[in-house]
S.K.: 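One structure, pasted below without further comment.
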Amino acid sequence: MLRRALPARPEARRLLIGTLLSAVGRGLTLPFLFIYLTDVRGLSDARAGLVIGWFGAVTLALSPLGGTLIDRFGARRVVLPCLVIEALGTGSLALVDSTASAFGVMTLIAVGSSAIWAGQNTILASLTGDGERQRVFGLNFALLNLGIGVGGLISGAVVDVARPATFQAIYLLDALSYLMPGLILLTLPHVGHRLVGGGAADAAPKAGGYLTVLRDRPFRRLVLFGLVLTTCGYAQVEVGFAAYSVRVVEVSPRVVAWALAGNTVMIVVAQLLVIRRMEGRSRTGALAAVGAVFAAAWLVLGAAGVVGTGNALLAALGVVACSVIFGFGETMLSPVMPALTNALATDELRGRYNAMSSMIFGISGVIGPVTAGPLIGAAHGRLWVAVVVGGCLTASVLALSLRRLLTSAQDGRVAAVVREPEPAHA
């Protein structure tokens, strides 16, 4: 299954290695930013929250500009400097000693990260054919989670709030990991250039910019689906899931950590099998199934809240099961969403399409945490469960309504011819 999921072009395979290496570094620091800013650097909880929220706001504000630059100058010229900026910013976190310096460093990191995801997806799409793109995006997601899981295991055994040097070390290592994809891209001089030429014939398609993207009715429906699903799904994991598990189900934070580890294991183990089973099947049907799976995960968590302290073991198993079931839904979403985005995109506007797709997570990342707290505080968390389950099922309905707007090829219901794309030269 791994051999079948690998892209045909060696350049794409090397970029996947870069994804894995950088993900290990990301995993070193991913769970610890809030703890580092508060327990190690002495920021108050409120100030640390503002710093992290500021990062999300800046990233979201700059993402549209990143998509425009990718289409105008090529993903290569955008991704390479952004990786360097991201590395400098992440390494500078080791030197943060005040609220002002934390805001400055997180601003630098936000500038770097604003275009990396859209740029890398654009490059990967340009190196893969229609028939293999869904498999490759799924494999990319599995490698990302594998790297994050490995990095998290390493840092979890090393970091100690009583020893600030341990946190400084993992941020410096994370900074180095961001350079790995850049070094690999530098060895591929013909990869990541503009997907169209610069002649007058290209002026009309580019003139519309984001207006042209937003006039694409199927893509608008896909964006709406993504906003509803991620707001009631991904955006609830960091705040809603953790808060409900600790405050309502009353499990320890260690159980939450086990649950997140189970989520990673599910993704790494099941992703290749799911990719294989989804070949030739409706993409909109898969997206609808994701909404149903996410809803089932939240219902299991809600049931754990009902059990509560009456049966601590059963409640803990419910929390872990929720995260594992959620991970299974992620294995269906991760290959389909970027593949469908790039099936709808044109080469002239591919960067903007991918930037819009990445903005979905940024917008929901603002809405989700803000709404989770008040909802969990009402009716002993039952209102929060009702809202997120209803939202996920609404997303399923939106996904099914998208099918009639797509061709059979775009929906993945016909076997696409696997063709090797022509190299894109400047």
Side-chain angles (χ1 to χ4, degrees), residues 7 9 11-23 25-26 55-56 58-90 108-128 133 136-137 139-141 143-144 147 175 177-196 198 206 209-210 213 334 337-362 421 423-426:
R9 291 186 62 166
E11 299 98 320
R13 298 185 183 192
R14 290 164 70 178
L15 291 177
L16 290 177
I17 294 174
T19 295
L20 178 61
L21 294 176
S22 64
R26 186 75 184 103
F55 163 79
V58 175
T59 302
L60 181 61
L62 293 179
S63 291
L65 175 61
T68 301
L69 294 176
I70 289 168
D71 289 331
R72 184 167 298 176
F73 300 107
R76 181 188 188 87
R77 293 184 178 180
V78 177
V79 170
L80 283 173
C82 281
L83 287 169
V84 174
I85 294 171
E86 184 89 356
L88 289 173
T90 303
L108 187 63
I109 296 175
V111 171
S113 65
S114 61
I116 289 178
W117 187 256
Q120 289 179 331
N121 275 359
T122 300
I123 293 174
L124 201 55
S126 72
L127 294 173
T128 52
R133 192 170 289 155
V136 173
F137 277 120
L139 178 59
N140 186 63
F141 183 71
L143 292 174
L144 178 67
S177 75
Y178 276 108
L179 298 178
M180 296 298 103
L183 292 175
I184 291 174
L185 191 55
L186 286 174
T187 66
L188 305 171
H190 300 302
V191 168
H193 295 287
R194 288 186 61 196
L195 299 178
V196 293
K206 289 189 294 183
Y210 280 105
V213 176
S334 61
M337 193 73 178
L340 185 51
T341 296
N342 282 280
L344 295 172
T346 62
D347 283 344
E348 296 89 347
L349 298 172
R350 195 172 298 278
R352 290 177 174 90
Y353 271 85
N354 281 294
M356 283 284 293
S357 184
S358 69
M359 286 173 64
I360 292 172
F361 293 90
H425 298 279

S.K.: With rounding to the nearest 0.5 Å, note down the distance linking OG1 in Thr90 to CG in Leu108.
M.R.: 8.5 Å

S.K.: What are the two closest non-hydrogen atoms of Met359 and Pro64, and how far apart are they?
M.R.: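 Closest pair (atom of Met359, atom of Pro64, distance): SD-CG, 3.6 Å.
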
S.K.: Spell out, as yes or no, whether a donor-acceptor pair under 3.5 Å connects the side chain of Arg194 to the backbone of Phe73.
M.R.: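 No, Arg194 side chain to Phe73 backbone: no donor-acceptor pair under 3.5 Å.
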
S.K.: Quick check against the 3.5 Å criterion: does Ser22 have a side-chain atom that pairs as donor or acceptor with the backbone of Thr19?
M.R.: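 Confirmed, Ser22 side chain pairs with Thr19 backbone.
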
S.K.: Under a 4.5 Å cut-off applied to non-hydrogen side-chain atoms, are Thr122 and Ser126 in contact?
M.R.: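 Not touching, per the 4.5 Å side-chain cut-off.
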
S.K.: Working to the nearest 0.5 angstrom, can you tell me the gap between Leu21 CG and Leu143 CG?
M.R.: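 That separation rounds to 10.0 Å.
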
S.K.: Which residues pass the salt bridge (Lys or Arg N to Asp or Glu O under 4.0 Å) test with Arg350, not counting sequence neighbours?
M.R.: Asp347

S.K.: Just so I know, are the side chains of Leu185 and Ile123 near enough to count as touching, which here means a heavy-atom distance under 4.5 Å?
M.R.: yes

S.K.: Can you list everything that forms a side chain to side chain contact (heavy atoms under 4.5 Å, CB included) with Leu188? Sequence neighbours excluded, please.
M.R.: Glu11, Arg14, Leu15, Ile184, Val191

S.K.: Do the non-hydrogen side-chain atoms of Met337 and Phe137 ever get within less than 4.5 Å of each other?
M.R.: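 The answer is no; the side chains never approach within 4.5 Å.
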
S.K.: Going by side-chain hydrogen bond (donor to acceptor under 3.5 Å, both in side chains), name the residues that satisfy it together with Ser177, two or more places apart in sequence or in a different chain.
M.R.: Asp174

S.K.: On a heavy-atom basis, which atom in Ala355 and which in Tyr210 lie closest, and how many Å separate them?
M.R.: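 Residues Ala355 and Tyr210, closest heavy atoms: CB-OH, 3.6 Å.
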
S.K.: Please enumerate all residues that pass side chain to side chain contact (heavy atoms under 4.5 Å, CB included) together with Thr341, with sequence neighbours excluded.
M.R.: Phe219, Leu222, Tyr353, Asn354, Ser357

S.K.: Could you give the distance from CG (Leu179) to CG (Leu80), rounded to the nearest 0.5 Å?
M.R.: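 Going from the CG atom of Leu179 to the CG atom of Leu80 covers 10.5 Å.
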
S.K.: If I take atom CD from residue Glu86 and atom OG from residue Ser114, how far apart are they, to the nearest 0.5 angstrom?
M.R.: 9.0 Å

S.K.: If I compare all heavy atoms of Ala115 with all of Ile70, which pair ends up nearest, and what's the gap?
M.R.: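 So the two residues come closest at O-CD1, 4.0 Å.
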
S.K.: I'd like to check the side chain to side chain contact (heavy atoms under 4.5 Å, CB included) partners of Pro7; sequence neighbours left out, ordered by chain and number.
M.R.: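 Once residues adjacent in sequence are excluded, the partners of Pro7 under the side chain to side chain contact (heavy atoms under 4.5 Å, CB included) criterion are Ala12, Arg13, Leu16, Thr128, Glu132, Val136.
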
S.K.: Show your working on side chain to side chain contact (heavy atoms under 4.5 Å, CB included) between Asp71 and Glu348 and close with a plain yes or no.
M.R.: CA-CA 6 Å; Asp71 289 331; Glu348 296 89 347; over 6 Å; no

S.K.: Excluding sequence neighbours, so at least two apart, what forms side chain to side chain contact (heavy atoms under 4.5 Å, CB included) with Ala110?
M.R.: Phe55, Val58, Thr59

S.K.: Any idea which heavy atoms bring Gly112 and Cys82 closest together, and the distance?
M.R.: O-CB, 3.2 Å

S.K.: Once you round to the nearest 0.5 Å, how far does CD1 of Ile116 lie from OG of Ser358?
M.R.: 11.5 Å

S.K.: Mind listing the closest non-hydrogen atom pair of Arg352 and Thr68 along with its distance?
M.R.: NH2-CG2, 3.3 Å

S.K.: Nearest 0.5 angstrom please: Met180 CE to Ile17 CD1, how far?
M.R.: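 Between Met180 CE and Ile17 CD1, I get 12.5 Å after rounding to 0.5 Å.
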
S.K.: For the residue pair Leu83 and Gly182, what are the closest heavy atoms and their distance?
M.R.: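 Heavy atoms only, the tightest pair is CD1-N, 3.5 Å.
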
